Amino acid sequence: MLSFFRKKTSDDLTGDGTNSTGSGGGAAVVAKEVVPSPSLSQLGYRSVDDLRETIYDFLRTIRDPEKPNTLEDLKVVYEEGIFVQEPTEGNVYVVRIEFNPTVPHCSLATLIGLCIRIKVQRSLAHNLKLDIYIKKGAHSTEEEINKQINDKERIAAAMENPNLRQLVENCIKEED
């Protein structure tokens with residue numbers, strides 16, 4: 001998945017945050033190449049607002065799994081719920097998307113979060129890190145759901161399930 005690419009650091013190579021030789025010979029120094037971040041204009045956007053509007057345009061067409069409405073119609077997604085942060089050291093822009101389920105006990109909030117993630121990943125060609133969250137206080141089990149929809153192994157497993165995959169595909173398909 002595009003949003004889960006990550007640059008390895010020297011900490012990742014040793015696993016404990018130290019990069020010692022283990023023989024008392026002192027710390028090894030690993031050179032780190034600094035690559036300039038791609039600007040928004042290099043990615044094809046005029047500004048952060050332009051990127052946010054582009055993402056919102058993709059989200060607004062997602063259909064609710066239970067109702068014949070879009071997430072925009074139901075006010076589950078909204079442009080003010082999309083936050084673009086500066087790129088990480090690995091030159092990856094971080095996009096946080098907040099959504100608001102229609103009821104505090106919505107049983108399909110996890111599916112909606114999965115649809116949001118898959119739609120954005122498929123719609124944008126460049127590398128983004130997506131953080132998708134339920135609006136604070138909007139759901140009775142928001143912490144558990146937030147963990148699920150931001151766990152790459154759970155996302156991969158969910159998309160391997162043919163029934164769940166079909167539900168997602170039906171929700172995110174573009175209407176003619």
Side-chain angles (χ1 to χ4, degrees), residues 1-6 40 43-88 90-176:
M1 286 189 230
L2 292 177
S3 67
F4 296 110
F5 287 120
R6 195 178 129 216
L40 285 174
L43 294 175
Y45 303 101
R46 294 182 304 270
S47 66
V48 169
D49 289 335
D50 190 27
L51 174 57
R52 186 170 14 131
E53 289 169 11
T54 300
I55 292 170
Y56 181 68
D57 284 341
F58 295 130
L59 298 180
R60 63 193 300 210
T61 63
I62 298 172
R63 309 228 40 97
D64 185 85
E66 292 180 310
K67 299 177 173 89
N69 304 86
T70 66
L71 297 184
E72 178 188 42
D73 294 339
L74 298 170
K75 297 183 180 22
V76 172
V77 295
Y78 38 92
E79 197 169 344
E80 301 79 29
I82 301 169
F83 308 92
V84 180
Q85 300 170 358
E86 289 299 313
T88 64
N91 298 323
V92 177
Y93 279 88
V94 178
V95 176
R96 178 185 170 108
I97 299 172
E98 173 185 275
F99 70 101
N100 187 14
T102 54
V103 292
H105 54 278
C106 177
S107 61
L108 297 175
T110 306
L111 177 60
I112 291 169
L114 181 61
C115 290
I116 290 170
R117 177 174 298 284
I118 299 302
K119 180 74 174 200
V120 173
Q121 287 175 338
R122 289 185 183 174
S123 300
L124 294 177
H126 39 272
N127 194 10
L128 294 176
K129 179 181 183 315
L130 291 174
D131 291 330
I132 300 174
Y133 293 94
I134 292 177
K135 184 177 181 176
K136 191 82 173 146
H139 197 279
S140 57
T141 60
E142 70 187 66
E143 289 180 25
E144 293 84 10
I145 293 172
N146 288 340
K147 285 179 186 176
Q148 289 176 0
I149 59 179
N150 288 295
D151 182 316
K152 62 183 175 181
E153 286 84 18
R154 288 185 186 191
I155 293 162
M159 292 307 290
E160 288 176 8
N161 178 317
N163 295 329
L164 190 51
R165 182 179 195 84
Q166 188 59 45
L167 276 171
V168 171
E169 297 296 341
N170 288 338
C171 291
I172 68 172
K173 72 180 176 188
E174 295 292 325
E175 294 297 317
D176 296 328

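Quick note: numbers below take in every heavy atom, side chains included, and nothing from hydrogens, waters or symmetry partners. Predicted, not measured: the structure shown is a model, and the values here were computed from it.
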message = Counting neighbours of CD on Glu143 that are heavy atoms of other residues, nucleotides or ligands and sit closer than 6.0 Å, is the number greater than 12?
response = no

inquiry  = Rounded to the nearest 0.5 Å, what separates atom CD in Glu142 from atom CG in Asn100?
reply    = 10.0 Å

ask   = Roughly how far apart are Ile55 CD1 and Ile116 CD1, rounded to 0.5 Å?
value = 11.5 Å

message = Please find the pair of heavy atoms, one from Glu72 and one from Tyr56, that lie closest to each other, and give the distance.
response = OE2-OH, 2.9 Å

task = Check for a donor-acceptor pair, side chain of Arg165 on one end and backbone N or O of Met159 on the other, with a separation under 3.5 Å.
result = yes

query = What closest approach, in Å, do Tyr93 and Gln85 show between heavy atoms, and which atom pair accounts for it?
reply = CD2-O, 3.4 Å

query = Quick one: are Val76 and Ile62 in side-chain contact, heavy atoms under 4.5 Å?
reply = no

key: Considering all heavy atoms, the nearest Ile172-Cys115 contact   = CG2-O, 3.6 Å

ask   = Are Asp73 and Lys67 close enough, and set up right, to give a side-chain contact (heavy atoms from CB on, under 4.5 Å), and what steps lead you there?
value = CA-CA 10 Å; Asp73 294 339; Lys67 299 177 173 89; over 6 Å; no

ask   = Do the non-hydrogen side-chain atoms of Ile134 and Phe99 ever get within less than 4.5 Å of each other?
value = yes

Gap separating the CD1 atom of Ile132 from the CD1 atom of Ile82, nearest 0.5 angstrom = 10.5 Å

inquiry  = Does this structure show an ion pair linking Arg122 with Glu169, if we count only N-O contacts that are shorter than 4.0 Å?
reply    = yes

task = Mark yes or no for whether Ser140, through its side chain, and Pro104, through its backbone, hold a donor-acceptor pair below 3.5 Å.
result = yes

inquiry  = Does this structure show an ion pair linking Lys119 with Glu174, if we count only N-O contacts that are shorter than 4.0 Å?
reply    = yes

pair Ile149-Ile112: side-chain heavy atoms closer than 4.5 Å = no

request  = Establish, from distance only, whether the side-chain atoms of Asp57 and Thr54 form a donor-acceptor pair under 3.5 Å.
outcome  = no

query = What is the distance from atom CD1 of Ile97 to atom OH of Tyr78, rounded to the nearest 0.5 Å?
reply = 11.0 Å

message = For the backbone of Asn150 and the side chain of Asp131, can you confirm whether one donor and one acceptor N or O come within less than 3.5 Å of each other?
response = no

message = Just verifying a value: how many Å separate Ile118 CD1 and Gln121 CD, rounded to the nearest 0.5 Å?
response = 5.0 Å

request  = Evaluate the side-chain contact (heavy atoms from CB on, under 4.5 Å) criterion for residues Leu167 and Leu111: first the C-alpha distance (whole Å), next the side-chain angles of each, then the deciding distance (0.1 Å), finally the verdict.
outcome  = CA-CA 8 Å; Leu167 276 171; Leu111 177 60; 4.2 Å; yes

task = Without swapping roles, check the side chain of Arg52 against the backbone of Val84 for a donor-acceptor pair under 3.5 Å.
result = no

Reported CG-to-CD distance for the pair Leu108 and Glu66, which is rounded to 0.5 angstrom = 4.5 Å

request  = Using a 4.5 Å cut-off on heavy atoms from C-beta on, say whether the side chain of Val77 contacts that of Thr70.
outcome  = no

